[in-house]
Each structure stands twice: as structure tokens, then as C-alpha cells.
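Data block below; observations after.
Just so we're clear, the structure is a prediction, and the values are computed from it rather than from any experiment.
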Amino acid sequence: QVQLVESGGGLVQAGGSLRLSCAASGRTFSRSAMGWFRQAPGKEREFVAGITWNWNGGSTYYADSVKGRFTISRDNAKNTVYLQMNSLKPEDTAVYYCTARISSQVTTRLYDYDYWGQGTQVTVSS
């Protein structure tokens, strides 16, 4: 059974930082695209960041709203993906979901992803 388990969410003041982790089990995702989406109250789930797999270590993609502030990375030996979030803003408040797809390519489309975590709450106070 495949599981993605997120951790690292919490409450932080604006301008602060958090690091989310997503540990995968049940299969190896070393050659899969992995990413993060988020969903704020009353809004649709949206793409935040993604990382592909390739022989050079993978390419990263970001939503415009987080570019320059968030960094996605992966440790294939640990079957884990991370999201370092700096300079957090109140509008970053949301439930953050880890996701993975069997394909090695990142997309921003929700329904292209095959596996999802249960989500972790990130709250940024002003």
C-alpha cells in the first residue's frame, strides 16, 4: 500500500520559515515526479511546486506566487521530498498536500497525480 506522509506544518509569523517533509512508502518514487499542492479555505487546490526525475537530478517548477521563496528538493535514498518555505506570507496559509505521479514529468494539473498525502496545515499569522 502506497503512503505519502507529510510533516513539518505549523503556525509561524509572517516572514518566518517552515520546512515540510513528505516520506513515501509502499513503492519507490525515485523516478517519479513529486510535488506539493495547497488548498486554502474556500479555494481550489492549487499547484505549489514540483520536481521531476532525470539522470541529472531533476528539474524544479514553481507557482509564480512562491517563486523565489519556496524550494523543493528530494532525497531518493530516503524516498522523501521536501518543501523549504521562506518569507512566508499570510496568503500562504493552507493545507499543504504532498503528491506523486508514476510519470517522471511534473504537471500543474491536479488530476495528473496518482498518489496523495493526507495534508499538513500551515498557518501564517500577520
Side-chain angles (χ1 to χ4, degrees):
Q1 181 181 357
V2 175
Q3 280 192 312
L4 301 178
V5 180
E6 303 99 333
S7 61
L11 173 64
V12 65
Q13 288 189 333
S17 298
L18 283 174
R19 187 192 194 208
L20 305 183
S21 299
C22 172
S25 62
R27 65 162 284 161
T28 298
F29 288 99
S30 59
R31 296 194 178 190
S32 298
M34 300 189 74
W36 294 90
F37 281 68
R38 68 185 180 187
Q39 188 166 19
K43 295 189 176 182
E44 293 185 350
R45 194 172 298 187
E46 63 176 4
F47 173 81
V48 175
I51 184 165
T52 65
W53 176 87
N54 58 48
W55 292 108
N56 295 320
S59 301
T60 56
Y61 300 84
Y62 299 95
D64 288 343
S65 59
V66 307
K67 206 171 291 184
R69 300 188 297 122
F70 290 11
T71 302
I72 188 171
S73 61
R74 65 193 299 167
D75 185 337
N76 287 335
K78 296 182 178 180
N79 220 18
T80 298
V81 65
Y82 305 96
L83 186 67
Q84 178 67 45
M85 305 185 295
N86 298 329
S87 302
L88 282 161
K89 305 175 181 180
E91 51 264 43
D92 294 318
T93 295
V95 177
Y96 283 70
Y97 295 90
C98 175
T99 188
R101 60 187 308 230
I102 298 172
S103 169
S104 63
Q105 298 304 308
V106 167
T107 82
T108 61
R109 295 186 298 267
L110 185 71
Y111 297 103
D112 284 341
Y113 288 83
D114 302 295
Y115 305 101
W116 292 87
Q118 81 288 350
T120 185
Q121 176 70 47
V122 171
T123 303
V124 184
S125 62
S126 57

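Not a single salt bridge (charged side-chain N to carboxylate O under 4.0 Å, His left out) links Lys43 to another residue, sequence neighbours left out. Residues passing the salt bridge (charged side-chain N to carboxylate O under 4.0 Å, His left out) test with Arg69, sequence neighbours excluded: Asp92. For Thr123, the side-chain hydrogen bond (donor to acceptor under 3.5 Å, both in side chains) criterion is met by Gln121, not counting sequence neighbours. Legend: residues meeting side-chain hydrogen bond (donor to acceptor under 3.5 Å, both in side chains) with Gln3, ordered by chain and number and at least two apart, are absent. Contacts of Ser126 classified as side chain to side chain contact (heavy atoms under 4.5 Å, CB included), with partners at least two apart in sequence or in another chain: Pro90. A search for side chain to side chain contact (heavy atoms under 4.5 Å, CB included) contacts involving Thr71 returns Tyr62, Gln84, not counting sequence neighbours. Legend: residues meeting side-chain hydrogen bond (donor to acceptor under 3.5 Å, both in side chains) with Glu91, ordered by chain and number and at least two apart, are absent. Not a single side-chain hydrogen bond (donor to acceptor under 3.5 Å, both in side chains) links Gln105 to another residue, sequence neighbours left out.
For residues 105-126, the salt bridge (Lys or Arg N to Asp or Glu O under 4.0 Å) pairs, not counting sequence neighbours, are Arg109-Asp112. Residue pairs meeting the ring pair (Phe, Tyr, Trp, His ring centres under 6.0 Å) criterion with at least one partner in residues 11-35, sequence neighbours excluded, are Phe29-Tyr115.
Cluster partners of Leu110, by chain and number: Phe37, Phe47, Tyr61, Val95, Tyr97, Val106, Tyr111, Tyr113, Trp116. The rule joins Ile, Leu, Val, Met, Phe, Trp and Tyr whenever side-chain heavy atoms lie under 4.5 Å apart.
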Using residues 11-24 as the side-chain source, report each donor-acceptor pair under 3.5 Å to any protein atom, sequence neighbours left out, with the distance given to one decimal.
| unit_1 | atom_1 | unit_2 | atom_2 | d |
| --- | --- | --- | --- | --- |
| Ser17 | OG | Asn86 | OD1 | 2.9 |

